[in-house]
Amino acid sequence: MKRVLVIIIAGCLSIYYNVWSQSDIVQFNQYFNAMGYYNPAYAGKTGDLNVRALYRLQWLGAFNNRAPKTMFVAADMPWKFGKSQSGIGIVVLSETVGMETSLYASAQYAYKKKIGKGILSVGLQAGLINYAFDGTQVYIPDSEDHQQEDEAISEVEKDAMGLDVAAGLFYSTDKYYIGIGGLHLLKPTLNLDENMDRTIERGYNFTAGYNIQMKNPLIELQPSVFVQTNLQMVSADVSMRGVYNKMYNGGIGARFSDKGMINNAILFFGATLKDFQAGYAYEFPISAISKVSVGSHELMIIYRLKLDKPKGNKNRHKSIRFL
């Protein structure tokens with residue numbers, strides 16, 4: 001009975017993942033450091049050149065040790081076009097689940113306007129999706145109960161490419177932020193052959209966060225919420241992080257299902273050293289999924305380069321003829 005229960009849970013987990021993956025809604029635990037993926041309006045928010053990388057290893061122990069792996073790399077910076085302030089960025093995401101690999105590469109532009117005490121940003125993103133299926137890994141047991149050849153199941157490597165578009169709004173002040181984003185707005189269909197295709201469903205998200213300065217000037221609290229949906233399922237992340245001396249941070253979070261149940265508990269740890277910031281998140285499943293998975297790990301690193309122009313003549317260029 002225990003073995004049967006584990007098989008049933010693993011099957012439900014696979015169905016749950018496939019529903020989400022059809023819209024490629026990657027559930028980053030450190031969503032607050034990966035907003036460039038969810039919302040193109042985030043590009044150029046900090047005023048610095050930001051290069052970030054995030055690696056996620058999800059649901060270890062499930063999927064016959066073929067746990068989903070996600071790599072996210074992005075860069076963004078402010079951009080002045082005429083008298084208007086803007087932001088530009090690039091986003092690359094690679095995700096591997098079993099025999100399937102998806103690669104997304106996009107460019108971002110965000111128009112910014114000061115409204116009240118904050119900045120309203122309107123963002124647009126365009127790029128390409130490449131979806132690949134490695135049929136050479138297909139295994140069909142050699143028995144009379146299994147059909148050895150099926151035209152619907154490819155046994156060779158195939159891939160397809162399509163156009164991808166996203167858009168978003170983001171408003172931020174020194175104390176709080178709020179944003180909404182839409183992914184895969186064209187709902188592209190990728191045709192690998194006459195028997196195999198994949199439609200990427202649209203996904204939508206909402207986020208909000210606040211910075212609370214404590215009486216102790218060295219301590220800040222940063223509560224935040226992140227909700228995403230593909231109009232079939234809804235997932236909500238709630239987190240509370242504390243920052244000490246703007247160098248060390250840590251906190252807890254929880255992910256809720258559309259039925260209001262807590263599916264996962266999350267722990268955050270991080271540190272900032274000069275221009276580098278590193279973070280780690282561990283996600284532990286609370287539901288029955290814990291019987292087939294020991295949790296998910298997520299590593300993140302960010303490099304920030306100040307773009308402020310130097311004052312005075314300290315960096316005045318000289319002709320190489322007089323050096």
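None of these values were measured; they are calculated from a predicted model.
- Within 6.0 Å of CD1 on I252 lie no more than 12 heavy atoms contributed by other residues, nucleotides or ligands.
- Separating the CG atom in N230 from the OH atom in Y204 is a distance of 10.0 Å, to the nearest 0.5 Å.
- Residues D76 and R52 meet the side-chain proximity criterion, which asks for heavy atoms closer than 4.5 Å.
- In this structure, CD in E201 is found 8.0 Å from OG1 in T189, a value given to the nearest 0.5 Å.
- Taking every heavy atom of both residues into account, L190 and A160 meet most closely at CB-CB, 3.9 Å.
- No side-chain heavy atom of L299 sits less than 4.5 Å from a side-chain heavy atom of I301.
- Y42 and Y177 fall within the same hydrophobic cluster, defined by Ile, Leu, Val, Met, Phe, Trp and Tyr side-chain heavy atoms under 4.5 Å apart, directly or through other members.
- Under the 4.5 angstrom side-chain criterion for Ile, Leu, Val, Met, Phe, Trp and Tyr, V243 has no cluster partners at all.
- Note on ring orientation: taking the six-membered ring where Trp is involved, the planes of Y37 and F72 are perpendicular (angle over 60°, cut-offs 30° and 60°).
- Look at E95 and K69 and you find no salt bridge, because none of the NZ, NE, NH1 or NH2 atoms lies under 4.0 Å from a carboxylate O.
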**Study point:** Steps toward side-chain contact (heavy atoms from CB on, under 4.5 Å) verdict (N29, R255)
**Key:** CA-CA 9 Å; N29 294 322; R255 179 168 299 135; 2.9 Å; yes

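- Residues A271 and N249 share a closest heavy-atom pair of N-ND2, 3.8 Å.
- No side-chain donor-acceptor contact under 3.5 Å links Y55 and H297.
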Practice item. Give the intermediate values and the outcome of side-chain contact (heavy atoms from CB on, under 4.5 Å) for residues Y303 and L49. Key: CA-CA 8 Å; Y303 172 71; L49 170 62; 5.8 Å; no

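- Without hydrogens or angle criteria, N39 side chain to L169 main chain gives a donor-acceptor distance under 3.5 Å.
- Residues V51 and A75 approach most closely at CG2-CB, 4.2 Å, considering heavy atoms.
- Within 6.0 Å of atom CG in N216, more than 12 heavy atoms from other residues, nucleotides or ligands are found, so the atom counts as buried in its surroundings.
- Linking ILVMFWY side-chain heavy atoms closer than 4.5 Å, directly or via other members, places M300 and V91 in a single hydrophobic cluster.
- Listed here is the closest heavy atom pair of Q108 and P40: NE2-CA, 3.7 Å.
- At a threshold of 4.5 Å between non-hydrogen side-chain atoms, the residues F226 and S239 do not count as touching.
- Side-chain contact between Y248 and F269 is absent, with no heavy atoms from C-beta onward closer than 4.5 Å.
- A 6.0 Å sphere centred on NZ of K114 holds more than 12 heavy atoms belonging to other residues, nucleotides or ligands.
- Under the 4.5 Å side-chain heavy-atom criterion for Ile, Leu, Val, Met, Phe, Trp and Tyr, V234 and V225 are members of the same hydrophobic cluster.
- With no hydrogens or angles considered, a side-chain donor-acceptor pair links Y109 and S86 at under 3.5 Å.
- Looking at P78 and K112, their side chains never come closer than 4.5 Å, going by heavy atoms from C-beta outward.
- In this structure, CG in D159 is found 12.5 Å from CZ in F133, a value given to the nearest 0.5 Å.
- For L163 against G127, the heavy-atom pair with the smallest separation is CD1-O, 3.3 Å.
- A salt bridge does not link R304 with D275: none of the charged nitrogens is closer than 4.0 Å to a carboxylate oxygen.
- For the pair I266/D237, a side-chain contact is recorded, criterion being any heavy-atom separation below 4.5 Å from C-beta on.
- Ring orientation note: the planes of F32 and F268 are nearly perpendicular, at an angle over 60° on the 30°/60° scale.
- Among residue pairs with one or both ends in residues 210-230, those qualifying as salt bridge (charged side-chain N to carboxylate O under 4.0 Å, His left out) are E220-K246; sequence neighbours excluded.
- In this structure, CE in M214 is found 14.0 Å from OH in Y244, a value given to the nearest 0.5 Å.
- At distances below 3.5 Å, not a single donor-acceptor pair connects side-chain atoms of S121 with backbone N or O atoms of F170.
- D48 approaches L307 most closely through the heavy-atom pair C-CD1, 3.9 Å.
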Check your understanding: How far apart are the C-alpha atoms of D134 and T101, what are their side-chain angles, what is the distance that settles it, and do they pass the side-chain contact (heavy atoms from CB on, under 4.5 Å) test?
Key -> CA-CA 8 Å; D134 186 3; T101 299; over 6 Å; no

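- Hydrophobic clustering of Ile, Leu, Val, Met, Phe, Trp and Tyr side chains at less than 4.5 Å, counting indirect connections, keeps F256 apart from L231.
- Within the model, atoms CD1 of I129 and CG of D164 stand 3.5 Å from one another, a figure rounded to the nearest 0.5 Å.
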Practice item. Could you go through the side-chain contact (heavy atoms from CB on, under 4.5 Å) check for E100 and R198 one step at a time? Key: CA-CA 11 Å; E100 302 178 1; R198 179 180 178 184; 4.1 Å; yes

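- The shortest distance between side-chain heavy atoms of E283 and Q27 does not fall below 4.5 Å.
- Both Y31 and L183 are part of a single hydrophobic cluster, where members link through side-chain heavy atoms under 4.5 Å apart.
- Here the side chains of F28 and T70 are in contact, with some heavy-atom distance below 4.5 Å.
- Here the side chain of E298 pairs a donor or acceptor atom with the backbone of Q30 at under 3.5 angstrom.
- At distances below 3.5 Å, not a single donor-acceptor pair connects side-chain atoms of Y38 with backbone N or O atoms of G181.
- The CD atom of Q277 lies 11.5 Å from the CE atom of M247; values are rounded to the nearest 0.5 Å.
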